[in-house]
Participant: 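Got a structure here, written out as structure tokens. Questions coming.
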Amino acid sequence: MTHRIRRRSVLGCAALAALLTAPVALAAPAFAAPTTTPPVIDFNGDGFADLAISAPNATVSGVGEAGYLSVVYGSSAGADSAHPKLITRATEGVPGDVTEYDDFGSWTAARDLDEDGYTDLVVGGYRTPVVLWGSAQGLGGGTALAGTTYQVSGGDIDGDGHADLVANVGGSLEVRFGPFTRAGVPARTDTLAFDDEDGPQGFTVGDVTGDGKDDVVTQHGFEEMQYKSRLWKGTSTGLSKTFQSSGHYTVGGVIADVNKDGYGDFIARQVDQVSEMMEYDAGDIRVVYGSASGFSTRTAKINQDTTGVPGVGEAGDNNANYGDQFGYSLAAGDVTGDGYPDIAVGVPGEDIDSIREAGSVVLLKGGPSGLTGTGAQAFTQSTSGVPGASEKGDFFGASVLLADVNANNRADLAVGAPQEDGTYQNSGAAWLLRGSKTGLTTTNITSFGPSTLNAPEKAARFGANFAR
């Protein structure tokens with residue numbers, strides 16, 4: 001591997017570093033995202049969506065920054081925080097040893113890989129990734145996956161009905177086609193190679209063309225320069241070897257059919273071509289609408305200055321004050337049950353009155369006209385009914401997920417604030433807001449952190465990521 005590819009790989013993990021280091025590293029994440037119709041993540045097969053929450057900085061068995069996952073199962077009453085499951089490298093059946101700076105749980109990918117009816121979970125960090133197998137008892141024993149990877153996402157690239165994994169292997173994308181054996185072996189593999197400086201910084205999986213085959217949108221950058229994102233179409237044999245440019249500089253993203261026309265729309269954080277100062281941006285998201293041929297010419301830019309969107313876009317300054325970073329995290333799901341996917345937008349750098357970087361989350365609603373500011377909602381820790389209090393540097397909204405935890409056909413919003421202080425600084429916390437016919441509600445809202453789940457707390461950065 002050349003030196004340039006190695007540097008590219010580090011950039012591909014920028015989203016990890018953003019929440020594993022001091023707040024100054026906060027920048028847009030490049031994690032993969034839900035497909036056009038987000039699958040139900042149900043590890044124990046009871047019909048309720050489950051949460052797997054990362055705490056990558058946690059000390060485990062006395063080893064610093066080893067990391068863990070907390071699994072909170074869904075139920076008719078919502079998130080069942082009274083019966084959590086803690087998973088580390090020390091958990092029986094999980095391959096590998098607890099090691100310093102592993103950051104286990106930094107990235108995850110949830111799919112039913114062995115087709116037994118239970119969602120499985122691929123978990124990685126800076127050591128060998130593993131797949132944890134779902135069962136009637138929930139996530140259990142694991143299998144090590146071959147090869148070093150920097151990001152994995154699930155999908156169905158060839159449209160054969162079997163879950164596939166797309167992996168960033170450092171300068172290339174490797175598609176591992178399902179079904180998988182319990183040894184973690186795919187049915188076959190295919191590789192999409194890039195030149196040194198063209199390797200993917202991150203990617204998003206979903207069906208843009210509406211043909212039943214998931215496509216991949218890659219994001220690119222080298223050092224401080226950003227390149228325009230690219231669409232690689234899924235085919236019956238794998239990913240196309242040619243791409244279509246989105247026409248925009250973006251990082252992260254989700255794919256969801258927000259106007260329900262049968263084509264997945266790409267929603268991502270838009271950045272400048274020179275992107276080394278992203279943490280000081282007020283933030284914009286770019287919507288590129290899908291079509292049968294790929295990206296259409298219809299696009300839209302949404303920010304906090306868009307009509308109907310709560311708040312005001314505020315940039316940072318040279319005094320170490322961050323910008324709002326509208327779009328730092330994104331998630332798709334149907335909150336209202338009207339059939340149109342909605343988009344949760346994390347705004348972790350939002351100031352609440354004089355409280356800097358307290359953070360917020362905004363819900364943008366999908367509809368026949370696509371994604372707009374009409375009916376948008378915003379929530380912070382200062383919102384009536386939301387547990388906790390807005391504090392400097394919480395970065396509430398650094399991670400978001402939409403999932404139907406109580407199975408009422410309306411997605412609920414999980415919000416992470418990995419720098420929330422508990423008994424210790426930066427222990428982290430998560431909140432779950434219920435979906436309803438009119439949008440998100442604070443009725444029956446729940447919140448929990450490591451101490452609630454009997455998990456390691458000190459500097460854990462719990463809530464850095466939710467499995468999807």
Side-chain angles (χ1 to χ4, degrees), residues 11 14-15 17-19 21-31 201-202 219 221 223-229 246-254 267-288 299-330 343-364 371-373 376-383 390-400 415-419:
L11 285 170
L19 292 175
T21 58
V24 71
L26 198 69
F31 286 120
Q201 193 181 49
Q219 298 92 48
E223 296 180 345
E224 76 280 2
M225 297 299 294
Q226 202 70 25
Y227 307 138
K228 294 176 180 178
S229 50
S246 72
H248 300 279
Y249 304 100
T250 63
V251 294
V254 294
I267 302 103
R269 180 178 176 183
Q270 181 167 305
V271 297
D272 294 330
Q273 184 177 10
V274 179
S275 57
E276 80 272 23
M277 302 294 282
M278 283 189 288
E279 61 265 36
Y280 298 106
D281 290 345
D284 305 290
I285 62 171
R286 171 64 59 174
V287 185
V288 183
T299 74
K301 184 171 75 171
I302 300 175
N303 54 37
Q304 286 184 287
D305 297 320
T306 298
T307 300
V309 177
V312 176
E314 297 172 313
D317 56 36
N318 293 326
N319 296 316
N321 296 316
Y322 301 105
D324 289 343
Q325 299 188 75
F326 182 86
Y328 174 87
S329 57
L330 295 164
I343 302 297
V345 183
V347 197
E350 178 91 342
D351 295 345
I352 308 301
D353 296 324
S354 62
I355 306 170
R356 294 194 177 276
E357 293 91 43
S360 72
V361 63
V362 171
L363 181 72
L364 302 175
L371 200 65
T372 68
Q377 298 175 278
F379 297 87
T380 74
Q381 287 190 72
S382 295
T383 301
S390 296
E391 297 172 317
K392 177 178 170 58
D394 280 349
F395 293 103
F396 180 86
S399 60
V400 291
V415 183
Q419 290 173 216

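By convention here, the first residue in the shown sequence is residue 1. Values reported hereafter were calculated over all heavy atoms of this structure, with side chains retained and with hydrogens, waters and symmetry mates removed.
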Participant: For Gln377 versus Pro310, what's the shortest heavy-atom pair and its separation?
Facilitator: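 Taking every non-hydrogen atom into account, C-CG, 4.1 Å.
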
Participant: Is the shortest heavy-atom distance from the side chain of Tyr328 to the side chain of Phe395 under 4.5 Å?
Facilitator: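 Not touching, per the 4.5 Å side-chain cut-off.
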
Participant: Mind running side chain to side chain donor-acceptor pair (under 3.5 Å) on Gln201 and Gln226 for me, showing each step along the way?
Facilitator: CA-CA 9 Å; Gln201 193 181 49; Gln226 202 70 25; 2.8 Å; yes

Participant: Using a 4.5 Å cut-off on heavy atoms from C-beta on, say whether the side chain of Gln304 contacts that of Val312.
Facilitator: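 The answer is no; the side chains never approach within 4.5 Å.
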
Participant: Locate the shortest heavy-atom distance separating Phe326 from Asn303; write the atom from each residue and the value.
Facilitator: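 Minimum heavy-atom separation between Phe326 and Asn303: CE2-CA, 3.7 Å.
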
Participant: I need the Lys392 NZ to Ile352 CD1 distance, nearest 0.5 Å.
Facilitator: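 Rounded to the nearest 0.5 Å, the NZ-CD1 separation comes to 13.0 Å.
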
Participant: What's the shortest heavy-atom distance between Gly327 and Ile285, and which atoms?
Facilitator: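 Minimum heavy-atom contact is CA-CG2, 3.7 Å.
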
Participant: If you look at every heavy atom in Val400 and Ala344, which pair is closest and at what distance?
Facilitator: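 Answer, listing the atom of Val400 first, then Ala344: CG2-O, 4.0 Å.
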
Participant: Could you check if a side-chain atom of Val415 sits within less than 4.5 angstrom of a side-chain atom of Phe379, using non-hydrogen atoms only?
Facilitator: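 Counting from C-beta outward, Val415 and Phe379 never come under 4.5 Å.
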
Participant: Can you sort out the partners of Ser360 under side chain to side chain contact (heavy atoms under 4.5 Å, CB included), two or more places apart, ordered by chain and number?
Facilitator: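 Testing Ser360 for side chain to side chain contact (heavy atoms under 4.5 Å, CB included), a comparison that skips the adjacent residues, returns Val347, Glu350, Thr380.
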
Participant: Output, in order, the C-alpha distance, side-chain angles, deciding distance and verdict of side chain to side chain contact (heavy atoms under 4.5 Å, CB included) for Ile302 and Leu364.
Facilitator: CA-CA 10 Å; Ile302 300 175; Leu364 302 175; 4.0 Å; yes

Participant: Check whether any side-chain N or O of Asp324 sits under 3.5 Å from a backbone N or O of Glu314 as a donor-acceptor pair, and report yes or no.
Facilitator: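 Yes; judged by distance alone, with no hydrogens or angles, the pair exists.
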
Participant: Side chains of Ile343 and Val254: does their closest heavy-atom pair fall under 4.5 Å?
Facilitator: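 The answer is yes; the side chains approach within 4.5 Å.
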
Participant: Compare all side-chain heavy atoms of Val361 with those of Val345 and state whether any distance is below 4.5 angstrom.
Facilitator: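 Side-chain contact under 4.5 Å: no.
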
Participant: Quick one: are Val288 and Arg286 in side-chain contact, heavy atoms under 4.5 Å?
Facilitator: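 Touching, per the 4.5 Å side-chain cut-off.
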
Participant: Can you tell me how far the CZ atom of Arg356 sits from the OH atom of Tyr322, to the nearest 0.5 Å?
Facilitator: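 Arg356 CZ to Tyr322 OH: 12.0 Å, rounded to 0.5 Å.
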
Participant: Identify the two heavy atoms, one from Ala358 and one from Ser390, that lie closest to each other, and give their separation to 0.1 Å.
Facilitator: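 For Ala358 versus Ser390, the nearest heavy atoms are CB-CB, 3.8 Å.
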
Participant: Hey, mind stepping through Arg269 and Thr250 against side chain to side chain donor-acceptor pair (under 3.5 Å) and telling me if it holds?
Facilitator: CA-CA 5 Å; Arg269 180 178 176 183; Thr250 63; over 6 Å; no

Participant: Look only at the side chain of Ser329 and the backbone of Gly397, and say whether a donor-acceptor pair between them is shorter than 3.5 Å.
Facilitator: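 Indeed, once roles are kept as given, a pair shorter than 3.5 Å links the two residues.
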
Participant: Is there a side-chain contact between Glu357 and Asp394 (heavy atoms, below 4.5 Å)?
Facilitator: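 With C-beta onward as the side chain, the pair stays apart.
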
Participant: For the atom pair NZ (Lys301) and NE2 (His248), what is the distance rounded to the nearest 0.5 Å?
Facilitator: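 With rounding to 0.5 Å, NZ (Lys301) is 10.0 Å from NE2 (His248).
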
